[in-house]
Amino acid sequence: MLQVAHIQEEKQAILESLEKRGFPNPAETLDRVLALDKERRETQFQLDSIKAESNKLSKEIGMLFKSGKKDEANAAKAKTGELKEQSKELGEKFSSVEHELQDLLYTIPNKLHPSVPAGFTADDNEEVRAHGTPPTLHEGAKPHWDLIKEYDIIDFELGVKITGAGFPVYKGKGARMQRALVNFFLDQATEAGYAEVQPPHVVNEASGYGTGQLPDKEGQMYELVDEKLFLIPTAEVPITNLYRDVIVDGTALPIKNVGFTPCFRREAGSWGAHVRGLNRLHQFDKVEIVQVRKPEESYQALEEMCAHVEGLLQKLELPYRVLRLCGGDIGFTSALTYDMEVYSTAQERWLEVSSVSNFETYQSNRLKLRHRVGDKKTELLHTLNGSALALPRILASILENNQTPEGIRVPEVLVPYTGFSMIN
RNA sequence: GGAAAGGUGGCAGAGUGGUUGAAUGCAUCGGUUUUGAAAACCGACGUAGCUUUACGGCUACCGAGGGUUCAAAUCCCUCCCUUUCCGCCA
């Protein structure tokens, strides 16, 4: 979340950023934050003074008892009553003000990077660059939901039987393709200097708060009600939370991690033709890259991460474009996000396969993820992450773009991983 | 799931309800010594909030949250976690 000090110092910029996002009543909200913070400080000052007085008195009473001056001690004791009451009252006020402030801060999204374009819908996203040309397909080319049936590599009906809609079963060469892609992505990331981690696929509430899924976005996650745990919607959550409450040793920076996990999303309210097939699932596989950076390096890191993702797409021979998300489309916690979209020729539409974001200090403020500057002072670090890559839509694009009358051609870089070059 | 013992600073490990934010050791940093290093010796060494131009001062924190008390690391309650033994088991 935003730091109150930042809201104080950069109020105008944050106000403009909130307007760009279409945040309701931005000015009132910021004013309320500042007023609550002022009240918090004033209350704390009063509370601390009362406590200081009361601590002092207690010590005196202790001394009096020790030196056997019982009467004086008891007299002093009588004086503590009022202090106690005041301290209790102020304590309650303090925590209520603090909670209100905290709750309000949770509702305020991250400040946008100046380069974020204006606009409120996906149409307003800015195309930064594009690469490759969509292939010309043969007569009778099909969307992937037909191809997977034809070659019997993914079975939705079977998934419905054992779980429900949106939980496909991968079979045969389909399963092998998935595993090949995962291994390819992990190897590529490792080569690029990311250290592999295998985090839990279930996280607690504190982790949900750390990366910004909680509060408010519970609805997107599957919850284990008895345990108050959540199935991860992305590996971002457990991997970034590895660094919760950590003061990172300077020599450990930058931190670069990669992890492969399944991702679980309820996707409540999603429906229609554009969610058909592999386009949107409740469970899917993803390889995620995460970086923890010094503030001054984070935007350079963001570009590096984009370059890494683009390298993967190029190696897979997929035509893609890079979008800079507009104020209305960008995520709550992000300052700047690039989406990578692959053109799916058979569906004649762009499919988002990666989202690369810089959260600046928005997550680290919640995570208390810091490093030391100079001898004593600590400073919040910047967190970043990106999909590298999400599997289902990549698979869909490969199936659709590489189809031939004889079968589906496996991209060359994957052949060592699949052990076959055609799905037929 | 059952039983027991625990959770204290980066680590190890003391702590009788009262000047205990917490002994001591290790680690780390600075200094003295040394040709250099080691050793030895001296010193520094938690996080956060509030306050102060500054030096500093105050407050909170000994797993988490409550409670008792003038006063809690220390006593009580609830929860979480760890270890060991038993049970079950990939």
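A gap of 34 Å separates the P atoms of B:U16 and B:C29, to the nearest Å. B:G63 and B:A73 are spaced 12 Å apart, taking the C1' atom of each and rounding to whole Å. The gap from the P atom of B:G43 to that of B:C50 amounts to 34 Å, rounded to the nearest Å. Nucleotides B:U78 and B:U83 have their P atoms positioned 23 Å apart, rounded to a whole Å. Between the C1' atoms of B:A48 and B:G9, the separation comes to 15 Å (whole Å). B:A40 and B:C26 are spaced 8 Å apart, taking the P atom of each and rounding to whole Å. Taking the P atoms as reference points, B:C79 lies 24 Å from B:A72, given to the whole Å. Using P as the reference atom, B:C58 and B:C77 are 35 Å apart when rounded to the nearest Å.
Between the side chains of A:Thr383 and A:Gln363, at least one donor N or O lies within less than 3.5 Å of an accepting N or O.
Note on residues 42-51 of chain A: pairs passing salt bridge (Lys or Arg N to Asp or Glu O under 4.0 Å), not counting sequence neighbours, are A:Lys38-A:Glu42. Note on residues 84-107 of chain A: pairs passing ring-ring contact (aromatic ring centres under 6.0 Å, His included), not counting sequence neighbours, are A:Tyr106-A:Tyr209. The ring-ring contact (aromatic ring centres under 6.0 Å, His included) analysis of residues 284-311 of chain A, with sequence neighbours excluded, yields the pairs A:His113-A:Tyr299, A:Tyr194-A:His308. For residues 165-178 of chain A, the side-chain hydrogen bond (donor to acceptor under 3.5 Å, both in side chains) pairs, not counting sequence neighbours, are A:Asp152-A:Lys171, A:Asp155-A:Lys171, A:Gln178-A:Asp285. Identified under the ring-ring contact (aromatic ring centres under 6.0 Å, His included) test for residues 220-261 of chain A, with sequence neighbours left out: none. Counting only residues at least two apart or in different chains, salt bridge (Lys or Arg N to Asp or Glu O under 4.0 Å) contacts with residues 233-252 of chain A are absent. For residues 10-64 of chain A, no pair satisfies ring-ring contact (aromatic ring centres under 6.0 Å, His included), with sequence neighbours left out.
The distance from atom CD of A:Glu98 to atom P of B:U59 is 18 Å, rounded to the nearest whole Å. Here the P atom of nucleotide B:G63 and the CG atom of A:Asp245 are 15 Å apart, to the nearest Å. Here B:G65 presents its P atom at 10 Å from NE2 of A:His99, a figure rounded to the nearest Å. At whole-Å resolution of the value, CD in A:Glu82 and C1' in B:C70 are 15 Å apart. A straight line from NZ of A:Lys377 to C1' of B:U47 spans 16 Å, rounded to a whole angstrom.
Residue-level contact check: A:Lys59 touches neither bases nor backbone, having no heavy atom under 4.0 Å from any strand. Across all strands, A:Leu57 comes closer than 4.0 Å to no nucleic acid atom at all (heavy-atom distances).
A side chain to side chain contact (heavy atoms under 4.5 Å, CB included) with A:Ile408 is found for exactly one of A:Leu147, A:Asn424, A:Ile148, A:Asn401, namely A:Leu147.
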Show the distances under 3.5 angstrom between N or O atoms of the protein and N or O atoms of nucleotides 71-80 of chain B.
{"from": "B:A71", "atom 1": "O4'", "to": "A:Ser58", "atom 2": "OG", "distance (Å)": "3.2"}

When you compare the protein's N or O atoms with those of nucleotides 48-52 of chain B, which come within less than 3.5 Å of each other, and at what distance?
{"from": "B:A48", "atom 1": "OP1", "to": "A:Arg370", "atom 2": "NH1", "distance (Å)": "2.6"}
{"from": "B:A48", "atom 1": "OP1", "to": "A:Thr378", "atom 2": "OG1", "distance (Å)": "2.7"}
{"from": "B:G49", "atom 1": "O3'", "to": "A:Arg40", "atom 2": "NH2", "distance (Å)": "2.9"}
{"from": "B:G49", "atom 1": "O2'", "to": "A:Gln44", "atom 2": "OE1", "distance (Å)": "2.3"}
{"from": "B:G49", "atom 1": "O2'", "to": "A:Gln44", "atom 2": "NE2", "distance (Å)": "3.0"}
{"from": "B:G49", "atom 1": "N2", "to": "A:Asp48", "atom 2": "OD2", "distance (Å)": "3.1"}
{"from": "B:G49", "atom 1": "N3", "to": "A:Gln44", "atom 2": "NE2", "distance (Å)": "3.4"}
{"from": "B:C50", "atom 1": "OP1", "to": "A:Arg40", "atom 2": "NH2", "distance (Å)": "2.9"}

Using Watson-Crick or G-U wobble pairs with both distances under 3.5 Å, give me RNA chain B in dot-bracket, 5' to 3', with [ ] for crossers and | for pairs to another strand.
((((((((.[[[..)..(.....]]].(((((.......))))).((((((....)))))).[[[[[..)....]]]]])))))))....

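Residue order along RNA chain B, read from the 5' end via each residue's closest nucleotide, puts A:Met63 first among A:Met63 and A:Lys56.
Taking A:Thr234 as the reference, A:Lys286 meet the side chain to side chain donor-acceptor pair (under 3.5 Å) condition, with sequence neighbours excluded. Residues meeting the salt bridge (Lys or Arg N to Asp or Glu O under 4.0 Å) test with A:Glu297, sequence neighbours left out: A:Arg293.
Dashed line: the shortest gap from a side-chain N or O of A:Asn55 to OP1 or OP2 of B:G18 is not under 4.0 Å. In terms of phosphate contacts, A:Arg372 brings no side-chain nitrogen or oxygen within less than 4.0 Å of OP1 or OP2 of B:C45.
A heavy-atom distance below 4.5 Å is not found between the side chains of A:His382 and A:Val292. A:Met305 is listed as a side-chain neighbour of A:Ile289, based on a closest heavy-atom distance under 4.5 Å.
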